[in-house]
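Accompanying notes for the structure given below.
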Amino acid sequence: MNKKDITRDRMIVIRVSIYEKKQIQKNAETYNLSISDLARQFLVNGQAWAKPNGQFVHDALDRKMLIGLANNLNQLTRYAHQKKELPVIIELLNKINKIFDS
């Protein structure tokens, strides 16, 4: 479903203190989202999917990257079994481990 096809005609009102509102605005700016978008993502998904402005999140790999790495690892494993070149694959896996350890 396209984002433009969604009609958002219902409201949820919550009360916050002035301090909480400032914190919410700061968090929305950090993620480059409106307060509504930030709140909607947290309320629907339990977390916001946007990445902080100008920062790379090292702690959690996004899902697409993880799927891509898994697919590449499966392809390398199949290739290693077909060509019997396990030392090359082990060297590549060691390089990947070094990247994640740094």
Side-chain angles (χ1 to χ4, degrees):
M1 179 176 275
N2 193 347
K3 192 174 184 178
K4 291 180 182 180
D5 295 338
I6 300 171
T7 302
R8 293 194 169 102
D9 58 353
R10 304 287 184 246
M11 290 180 52
I12 297 174
V13 179
I14 60 170
R15 293 186 185 273
V16 295
S17 69
I18 188 72
Y19 172 76
E20 290 170 330
K21 185 175 180 182
K22 287 180 182 180
Q23 281 298 116
I24 292 168
Q25 286 174 328
K26 183 179 174 184
N27 289 338
E29 289 172 6
T30 299
Y31 288 97
N32 198 25
L33 295 171
S34 68
I35 292 174
S36 292
D37 286 336
L38 180 70
R40 190 177 303 109
Q41 286 186 19
F42 270 109
L43 293 170
V44 172
N45 301 318
Q47 62 185 355
W49 293 103
K51 292 182 182 174
N53 288 336
Q55 296 178 4
F56 180 76
V57 180
H58 293 288
D59 296 340
L61 293 173
D62 63 0
R63 189 169 190 265
K64 288 182 183 178
M65 183 182 291
L66 192 56
I67 290 170
L69 285 170
N71 287 337
N72 289 344
L73 184 59
N74 287 336
Q75 290 171 355
L76 289 171
T77 303
R78 266 188 254 123
Y79 177 81
H81 285 290
Q82 288 173 353
K83 302 291 182 177
K84 307 295 185 212
E85 295 182 13
L86 290 176
V88 174
I89 301 305
I90 291 171
E91 181 182 333
L92 289 171
L93 288 173
N94 288 335
K95 288 180 181 180
I96 291 171
N97 283 331
K98 285 180 185 177
I99 291 170
F100 284 110
D101 290 339
S102 61

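Atoms considered below: every heavy atom in the structure, side chains included; atoms not considered: hydrogens, waters and symmetry mates. The first residue of the sequence shown is numbered 1, and numbering continues consecutively from there. If you're wondering where the values come from, they're calculated on a predicted model, not measured in any experiment.
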So which heavy atom on L38 is nearest to which on A28, and how close? CD2-N, 3.6 Å
Set of salt bridge (charged side-chain N to carboxylate O under 4.0 Å, His left out) partners for K95, sequence neighbours left out: E91
Partners of S34 by side-chain hydrogen bond (donor to acceptor under 3.5 Å, both in side chains), sequence neighbours excluded? D37
Any link between I12 and I24 through a network of hydrophobic side chains (Ile, Leu, Val, Met, Phe, Trp, Tyr) touching at under 4.5 Å? yes
Reported CG-to-CZ distance for the pair L73 and R78, which is rounded to 0.5 angstrom: 10.5 Å
I'd like to know if the side chain of E29 reaches the main chain of K26, judged simply by a donor and an acceptor atom lying under 3.5 Å from each other, with no hydrogens or angles considered. no
Between the CD1 atom in I35 and the NZ atom in K21, the distance rounded to the nearest 0.5 Å is 6.5 Å
